[in-house]
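The structure appears right after this line, and notes come after that.
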Amino acid sequence: MHKSTSTSLNEMISDGTIVTLPRNRKKGIDVNEFIDNTVGKPGSNQRNQFESELKMEVFQELIKAARKKRNLSQEELGQLIGVKKSQISKLEKGYENTSIITISKVFNALKATVRISVEIDGQHLEL
């Protein structure tokens, strides 16, 4: 891939360039429009998968950031919860599905509070 400056969405998609929007954003497109055009509209299977993967990546980064804030290595965190360093690494990089129990142990070891919010039929449920 190469980097170029462009405002044409067709150019961005067809040649695989990484596009830098110009300083005058009126000529560019906003992030939501870009995602709609490249990934799919909200509610589509592709968009749902994209958003799910994005949320998992954010979650993984939260775990890593919390570990670093506590000045713990992956090995030290693993020792606190009874797993190997490799499992912490895989958790932070998303290489395997991790149980909720393991994730709970990680946040407990990091002395971090986790809030889970679920929306069902327009009602918010929070744990």
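Everything quoted here is computed from the prediction, not taken from an experiment.
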Task: Nearest-0.5 Å distance, CD of residue Glu33 to CG of residue Asp36 - done: 7.5 Å

Open item on the list: Let me confirm one number: the NZ-NZ distance from Lys84 to Lys90, rounded to the nearest 0.5 Å.
Closed with: 9.5 Å

TODO: Kindly give the heavy-atom pair with the smallest separation between Gln60 and Gly94, and that separation in Å.
DONE: NE2-CA, 3.0 Å

TODO: Only counting residues at least two apart or in another chain, list the ones meeting side chain to side chain donor-acceptor pair (under 3.5 Å) with Glu75.
DONE: none

- [ ] Identify the residue among Glu76, Glu92, Glu61 that makes a salt bridge (Lys or Arg N to Asp or Glu O under 4.0 Å) with Arg67.
- [x] Glu92

Task: Euclidean distance, Leu80 CG relative to Arg70 CZ, rounded to 0.5 Å - done: 11.5 Å

TODO: Please indicate whether Gln49 has more than 12 foreign heavy atoms, meaning atoms of other residues, nucleotides or ligands, lying under 6.0 Å from its CD.
DONE: no

- [ ] Answer whether the closest heavy-atom distance between the side chains of Leu91 and Ile103 falls below 4.5 Å.
- [x] yes

Task: Separation of Ser86 OG from Lys93 NZ (nearest 0.5 Å) - done: 11.0 Å

TODO: With side chain to side chain contact (heavy atoms under 4.5 Å, CB included) as the test, would you mind laying out the steps for Leu72 and Leu110 before giving the verdict?
DONE: CA-CA 9 Å; Leu72 294 172; Leu110 295 170; 3.8 Å; yes

TODO: Find the distance between CD1 (Ile81) and OG (Ser104) and round it off to the nearest 0.5 Å.
DONE: 10.0 Å

Open item on the list: Closer than 3.5 angstrom, by distance alone: can the side chain of Arg47 be matched with the main-chain N or O of Val39 as a donor-acceptor pair?
Closed with: no

TODO: Give, for atom CD of Glu51 and atom CG of Leu54, the distance between the pair rounded to the nearest 0.5 Å.
DONE: 8.0 Å

Open item on the list: Just to verify, which of Asn45, Ile35, Thr38 counts as forming a side chain to side chain contact (heavy atoms under 4.5 Å, CB included) with Phe50?
Closed with: Ile35

